[in-house]
Amino acid sequence: MQIHRQIAILLLMVAFAACSDERREERLRAAGPEPDLAALLRVADADVGQGKFARCSACHTITAGGANLAGPNLAGIHGKGLAQGNPRFGYTAALLAAGAHGRRWDDATLDAWLADPQGMVPGTSMRFAGIPDPLDRADIIAFLRAS
Ligand code: HEC
């Protein structure tokens, strides 16, 4: 009996995994061949991005008025200037300099940052390897836009 229950749970998990993969394939198909960032953002899903934000939440809160942890609170970050999001956070000189000329967190800068923070801003204190998958990044950008 116990074994049967475990098998049933396993099958359910496989079914769920297959479902989410199917959506992913479906969205990638809808984005077209070799999709650029704009095309990926058209099929991006903020709810999926919210799930993927789990890997950020060790260092960032996202609700308005949330605490600064190792990284600054990210509520409403989309559209703000680099290193301007949170006046009480101690940004690095590197990120402050990168934002000195009015550079903003738009889709393109967020995409470059999430792909490789150290590559975009050498000397940043965001110790994060980056997200290689472009659709994962687009989902997170969609979530940040909505937050
Ligand atoms: C290990 C901790 C850590 C993780 C994980 C992390 N960050 Fe950060 N993040 C930081 C730190 C520290 C900074 C400030 C960098 C600086 O001042 O150079 C930062 C800065 C940022 C900024 C710029 C904020 C501003 O006000 O200009 C954004 C946007 C950001 N992170 C997004 C993310 C996202 C999205 C994820 C998940 C995919 C993530 N971070 C994962 C630590 C982290």
Side-chain angles (χ1 to χ4, degrees), residues 6 9-147:
Q6 279 172 5
I9 289 169
L10 199 74
L11 285 175
L12 263 176
M13 283 166 62
V14 169
F16 274 127
C19 263
S20 64
D21 277 351
E22 221 166 65
R23 275 219 60 223
R24 183 188 167 80
E25 291 312 313
E26 194 182 300
R27 294 193 294 139
L28 281 173
R29 258 199 310 280
E34 293 178 40
D36 60 8
L37 178 58
L40 287 171
L41 283 168
R42 277 196 293 276
V43 300
D45 184 327
D47 289 339
V48 175
Q50 180 166 23
K52 291 175 182 168
F53 189 81
R55 65 188 94 174
C56 320
S57 49
C59 299
H60 294 286
T61 60
I62 183 88
T63 47
N68 294 325
L69 307 176
N73 170 263
L74 293 178
I77 193 70
H78 194 278
K80 284 188 181 160
L82 273 64
Q84 305 295 309
N86 221 298
R88 289 189 315 277
F89 183 79
Y91 291 102
T92 56
L95 192 61
L96 284 164
H101 301 292
R103 211 162 159 209
R104 300 199 161 272
W105 288 121
D106 55 20
D107 296 335
T109 45
L110 280 170
D111 189 53
W113 178 252
L114 296 181
D116 182 7
Q118 299 281 336
M120 176 176 148
V121 180
T124 178
S125 55
M126 177 154 140
R127 306 253 172 275
F128 182 72
I131 299 171
D133 185 284
L135 184 60
D136 284 355
R137 293 199 300 272
D139 286 337
I140 291 176
I141 293 169
F143 172 62
L144 291 177
R145 256 193 201 164
S147 298

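Order of listing sets the numbers, starting from 1, for every ligand and every atom in it. The residues of the chain are indexed from 1 along the displayed sequence. In this text, all values refer to a predicted model and were calculated from it rather than measured experimentally.
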Note to self: Applying the side chain to side chain donor-acceptor pair (under 3.5 Å) criterion to T109, which one of D106, D111, D107 satisfies it?
What the structure shows: D106

Next item on the list: Decide yes or no for F143 and I62: does some side-chain heavy atom of the first lie under 4.5 Å from some side-chain heavy atom of the second?
Entry: yes

Check: Just which atoms of ligand 1 are under 4.0 Å from any heavy atom in T124?
Finding: 15 (C), 16 (C), 18 (O)

Margin query: Only heavy atoms of P72, strictly under 4.0 Å: list the atoms of ligand 1 that pass.
Written below: 13 (C), 14 (C), 19 (C), 20 (C), 24 (C)

Notebook entry, point to check: Among protein heavy atoms, which lies nearest atom 22 (C) of ligand 1, and at what distance?
Noted result: W113 NE1, 3.5 Å

Notebook entry, point to check: Is it the side chain, the backbone, both or neither of L110 that has a heavy atom closer than 4.0 Å to ligand 1?
Noted result: side chain

Next item on the list: Consider every N or O of Q84 and every N or O of ligand 1, then say whether any pair is closer than 3.5 Å.
Entry: no

Margin query: At less than 4.0 angstrom from any non-hydrogen atom of I77, what atoms of ligand 1 do you find?
Written below: 24 (C), 25 (C), 26 (O)

Next item on the list: Supply the atom-to-atom distance Q84 CD to W105 CH2, rounded to the nearest 0.5 angstrom.
Entry: 11.5 Å

Next item on the list: Check ligand 1 against G85 and write out every atom of the ligand that is under 4.0 Å from a heavy-atom position of the residue.
Entry: 26 (O)

Margin query: So does I131 get a backbone contact from the side chain of R137, meaning a donor-acceptor N/O pair under 3.5 Å?
Written below: yes

Next item on the list: Find the distance between OG1 (T124) and CH2 (W113) and round it off to the nearest 0.5 Å.
Entry: 3.5 Å

Notebook entry, point to check: What are the atoms of ligand 1, with element, lying closer than 4.0 Å to any heavy atom of Y91?
Noted result: 17 (O), 25 (C), 26 (O), 27 (O)

Next item on the list: Please assess R24 against D136 for the test salt bridge (Lys or Arg N to Asp or Glu O under 4.0 Å), listing each intermediate value before the final yes or no.
Entry: CA-CA 10 Å; R24 183 188 167 80; D136 284 355; 3.6 Å; yes

Notebook entry, point to check: How far is atom 38 (C) of ligand 1 from its nearest protein heavy atom, and which residue and atom name does that atom have?
Noted result: C56 SG, 2.7 Å

Margin query: A side-chain contact here means heavy atoms from C-beta on lying under 4.5 Å apart; do V43 and L28 qualify?
Written below: no

Item checked: Close-contact set for ligand 1 against I131 heavy atoms, below 4.0 Å -> 38 (C)

Check: With backbone taken as N, CA, C and O and side chain as the heavy atoms from C-beta onward, which portion of L74 lies under 4.0 Å from ligand 1: side chain, backbone, both, or neither?
Finding: side chain

Next item on the list: Using salt bridge (charged side-chain N to carboxylate O under 4.0 Å, His left out) as the criterion, point out the one residue from R27, R55, R145 that pairs with D139.
Entry: R27

Notebook entry, point to check: Going by heavy atoms, is A58 under 4.0 Å from ligand 1?
Noted result: no

Checklist line | Nearest non-hydrogen protein atom, atom 35 (C) of ligand 1 | finding: L114 CD2, 3.4 Å

Next item on the list: Counting heavy atoms only, name the option from G49, A83, S57, G71 that's nearest to atom 11 (C) of ligand 1.
Entry: G71

Check: Is the distance from atom 8 (Fe) of ligand 1 to some N, O or S atom of H60 under 2.8 Å?
Finding: yes

Next item on the list: Report yes if the side chains of Q118 and M126 come closer than 4.5 Å at any heavy-atom pair, otherwise no.
Entry: no

Next item on the list: Measure A70 to ligand 1 on non-hydrogen atoms and call it side chain, backbone, both or neither using the 4.0 Å cut-off.
Entry: backbone

Note to self: Nearest 0.5 Å, please: how far is CG in L74 from SG in C59?
What the structure shows: 10.0 Å

Checklist line | Residue, atom name and distance, where the atom is the protein heavy atom closest to atom 17 (O) of ligand 1 | finding: T92 N, 2.9 Å

Note to self: Using side-chain heavy atoms (C-beta onward) and a distance below 4.5 Å, is N73 in contact with F89?
What the structure shows: no

Item checked: Under 3.5 Å: N/O of W105 near N/O of ligand 1 -> yes

Check: Any idea which atoms of ligand 1 are less than 4.0 Å away from a heavy-atom of R127?
Finding: 1 (C)

Check: Which ligand 1 atoms, with their elements, are less than 4.0 angstrom from a heavy-atom of C59?
Finding: 1 (C), 2 (C), 3 (C), 4 (C), 5 (C), 42 (C), 43 (C)

Notebook entry, point to check: Tell me, which protein residue and heavy-atom name are nearest atom 14 (C) of ligand 1, and how many Å apart are they?
Noted result: F89 CE2, 3.6 Å

Check: Where is the tightest heavy-atom contact between P134 and L40, given as atom of each residue plus distance?
Finding: CB-CD1, 3.5 Å

Notebook entry, point to check: Rounded to the nearest 0.5 Å, what separation is found between the NE2 atom of H60 and the CG atom of N68?
Noted result: 10.0 Å

Note to self: I need the contact type for S125 against ligand 1. Using non-hydrogen atoms and a strict under-4.0 Å cut-off, is it side chain, backbone, both or neither?
What the structure shows: both

